[in-house]
Amino acid sequence: MTASLEHALDALTERVSSLRAARTAYPAEAGQTLDAALAELGTALELLAGARRELRKAPKQGGKSGAQRELKLLRQVFRAFPVPVFVLDGGAVVRRLNAESTRLLGSSDGFLVGRGFPLLVDAPRRAAFRSHLTAVLRSGEPASFETRLSHQGRTHTVQLALTRLTLAGEPQPLVAAVALPTETDVSGYGAAVAPTRPEGALLMAAARRQELLAETARTLLEEESMRRPVALARVARLLAADWADWVIADVLRPGGLRRVTVLAPKDEPLGELVRLVERADPLAGPMVTHVLEQGTGVLHEMVDDEGLLGSDSGGPLLAAMGAGSVMSVPIGPGEGVLTLVRTHERPPFTLGDLGLMEQIGVQLGLAVRAQQGFQSQSRAADALTASVVPRTLPALPGFDVAAVYHPGALVGAEFYDVFPVSGGWGFALGGAMGKGEEAASVSAMVRGGLRVLSVWESDPDRVVKRVGEALVRQGCGMFVMALAGFVRGRTLRLSSAGHHPAALVTADGMVRFTSGGGVPLGIAHEAETACEDVTLAAGDTLVVFSEGLISSRNDHGEPYGEERLADVLARHAGEAPATLAKAVEDDRHTFSGGQVWDEIVVMALRPA
């Protein structure tokens, strides 16, 4: 009996192979090929029925061992059967499937066991399939009908034959579902791939994943994504454009998990369904809760529980969204959860897609934390800048004053100021020799000291010396170059502590520099300063500037320098202080190609 059955199976296998070859070679004769295939299906069912009858008639030898031999034989027949066969229980859950079934659907051995078979059936035909299944179980009469099966990006039009099975040891009847393909469409995501070259689909999918990772990285590294909280929304739009129908982002905020982004399919009107998803409690969905608690991604290639994202009064959200496949991944370590949904019309997500989205979730988490750190530092930098740079210059009687300030690449330490003094007004310019928050705080301390002491002191040199003594006593280890001036009529008394000399621009275009000199504050207990008086004639302008201006360099490494500054000042002699300062700024910008590494300060003063 075994030899004859094996011979019949071999012959059936050969005939089915011939039919497949005929369908490929003669597509115009598909109708006749299908009729022959259905006839072979009937032959296969007869072989199974005959094998079962013979097994029942065979004498039981050795009791349990005989039953085991029968079971082994049936398993061999089932595995070797040349057409796809699924064994389903009464709830349409896959209990067994043979090798031809896994080949047809492109799944790994045993992957579909325990999953609902209706999820493989095209959504519009699922209700009809359930009705046929129920009728076969109730009446015992076989049924045959055409439907479509979808899995792993593969879509097959098949003739599905259902037959009731009654097996020893099974309390309830089972159903054998035999699927004979009549039409096959194997598609990789985004591009058709020939069935004979599945490696092309793999290469295409890998290339698309790398492209998405690169585009995500570019999006997250853009300056705008760091300065403003737009990174998550931009990546969500990137994913919604190609990879998912629905994109949902839930982020941990003070008070709990909040739903911050919901992107619907392009053809979905911005109506009640979108608002329902937006208003839904993220933690009402067990899938989001699991990902948040476990810190690992979850993939449901086929949605068998439509309550995974929670429900509302109208039912499960996934059902309303028409979800066929869903996955959720963590955003960073505990930052939130990113959820993607595809409808039944799209190929399901795969394990490769899950790995890709987990990488994107890690990138998003890093970007969110970097953005928070960047914004925190920006606020600190803004606060430090406000402590060393005035928002506006006050109106000064008898003088026209203008200033230009450019922050550097790092939090710097340059300061400038205009303030009231005993019997008039004064100005100051300088900076700590260093970068970062500590240097900026030292500059802020010096600026504040100059302002406060100038209320009681009538000589800027005395003010600078006392600030230097205080700086040494603080023991901060930083040095500060400073220039302070008090204005009395048209005479400016200047005190320099290691600062660059100021430039005096006469009305006729002559430019000379003051003496400058002195030693930076913080080096010695008794500050060594240089003091001089400068009297401005009508049309003269005094220009003070920072180290960052003359040390700016071009592409060849050449410094801007005092000579170039003098040339610019001479060309714009007699112009308003604001125009003069702007001319210096524009010339430096052209010279250095727009690069600003150190802070730039230019302040011009001219008698009105």
Write down the atom of Gly334, the atom of Leu252, and the distance for their closest heavy-atom approach.
-> O-CD1, 2.9 Å

N/O donor to acceptor pairs below 3.5 angstrom from side-chain atoms of residues 288-298, sequence neighbours left out:
residue : atom : partner : partner atom : Å
Thr289  : OG1  : Leu283  : O            : 3.2
Thr289  : OG1  : Gly285  : O            : 3.2

Write out all pairs satisfying side chain to side chain donor-acceptor pair (under 3.5 Å) with one or both partners inside residues 497-512, taking only residues at least two apart or from two chains.
-> His500-Glu547, Thr506-Asp508

Would you find a donor on one side and an acceptor on the other, under 3.5 Å apart, between the side chain of Ser496 and the backbone of Gly517?
-> yes

So, do Leu450 and Val464 sit near enough that their side-chain heavy atoms are less than 4.5 Å apart?
-> yes

Is there a side-chain contact between Leu521 and Val467, using heavy atoms and a 4.5 Å cut-off?
-> yes

Note, Asp540 side chain near Val505 side chain (heavy atom, < 4.5 Å) = no

Glu414 with Arg447: basic N within carboxylate O range, under 4.0 Å | no

Could you grab the distance from atom CG of Leu308 to atom CG of Leu317, nearest 0.5 Å is fine?
-> 11.0 Å

Look at the side chain of Arg342 and the backbone N and O of Trp243, then say whether any donor-acceptor pair between them is shorter than 3.5 Å.
-> yes

May I ask you to decide if Phe399's main-chain N or O and Arg606's side chain share a donor-acceptor pair within less than 3.5 Å?
-> no

Please identify each residue that fulfils side-chain hydrogen bond (donor to acceptor under 3.5 Å, both in side chains) with Asp533, with sequence neighbours left out.
-> Arg493

Minimum heavy-atom distance Asp461-Ser495, with the two atoms named | OD1-OG, 2.6 Å

Would you say Val601 and Val404 make side-chain contact, with heavy atoms under 4.5 Å?
-> no

Inspect the contact between Glu469 and Arg466 and indicate whether a charged nitrogen and a carboxylate oxygen are less than 4.0 angstrom apart.
-> no

Are any side-chain N or O atoms of Thr529 and backbone N or O atoms of Gly518, one a donor and one an acceptor, separated by less than 3.5 Å?
-> no

Residues forming a side-chain hydrogen bond (donor to acceptor under 3.5 Å, both in side chains) with Thr491, sequence neighbours excluded | Thr535

Which residues pass the ring pair (Phe, Tyr, Trp, His ring centres under 6.0 Å) test with Phe479, sequence neighbours left out?
-> none

Begin from the C-alpha positions of Arg588 and Ser592 and carry the test side-chain hydrogen bond (donor to acceptor under 3.5 Å, both in side chains) through to its verdict.
-> CA-CA 6 Å; Arg588 189 218 62 84; Ser592 61; 2.8 Å; yes

Heavy atoms of Pro501 and Phe513 approach each other most closely as O-CD2, 4.0 Å

Return yes if a side-chain donor-acceptor contact under 3.5 Å exists between His406 and Glu599, otherwise no.
-> no

Would you please name every residue forming a salt bridge (charged side-chain N to carboxylate O under 4.0 Å, His left out) with Arg490, sequence neighbours left out?
-> none

Any idea which heavy atoms bring Val418 and Arg451 closest together, and the distance?
-> O-NH1, 3.7 Å

In chain order, what residues pass the side-chain hydrogen bond (donor to acceptor under 3.5 Å, both in side chains) check against Glu358, with sequence neighbours excluded?
-> none

Trp246 side chain near Val277 side chain, heavy-atom distance below 4.5 Å | yes

Name all residues meeting the side-chain hydrogen bond (donor to acceptor under 3.5 Å, both in side chains) criterion together with Thr339; count only those two or more places apart in sequence or in a different chain, and write none if there are none.
-> Ser328

Mark yes or no for whether Thr343, through its side chain, and Ala323, through its backbone, hold a donor-acceptor pair below 3.5 Å.
-> no

Which pair of non-hydrogen atoms, one from Trp425 and one from Val421, has the smallest distance, and what is that distance?
-> N-CG2, 3.4 Å

Between the CG atom in Leu354 and the CE atom in Met357, the distance rounded to the nearest 0.5 Å is 9.5 Å

Sequence neighbours left out, cut at 3.5 Å: what donor-acceptor pairs do the side chains of residues 561-580 make with other protein atoms?
residue : atom : partner : partner atom : Å
Arg564  : NE   : Asp587  : OD2          : 2.8
Arg564  : NH2  : Asp587  : OD1          : 3.2
His572  : ND1  : Glu575  : OE1          : 3.1
His572  : ND1  : Glu575  : OE2          : 3.4

Taking the side chain as C-beta and beyond, is there a heavy-atom pair between Leu239 and Ile360 under 4.5 Å?
-> yes

Set of salt bridge (charged side-chain N to carboxylate O under 4.0 Å, His left out) partners for Asp586, sequence neighbours left out = Lys582

Contacts satisfying salt bridge (charged side-chain N to carboxylate O under 4.0 Å, His left out) that involve residues 247-258 (not counting sequence neighbours) are Asp250-Arg259

Please tell me if the side chains of Arg346 and Asp245 come closer than 4.5 Å, counting only heavy atoms from C-beta onward.
-> yes

Residues Ala244 and Val247: closest non-hydrogen pair is CB-CG2, 4.1 Å

Pairs satisfying ring-ring contact (aromatic ring centres under 6.0 Å, His included), at least one member in residues 531-561, at least two apart = Tyr560-Phe591

Report the C-alpha distance between Met445 and Gln474 in whole Å, list the side-chain angles of each, state the deciding distance to 0.1 Å, and finish with yes or no for side chain to side chain contact (heavy atoms under 4.5 Å, CB included).
-> CA-CA 10 Å; Met445 180 178 65; Gln474 291 294 323; 3.9 Å; yes

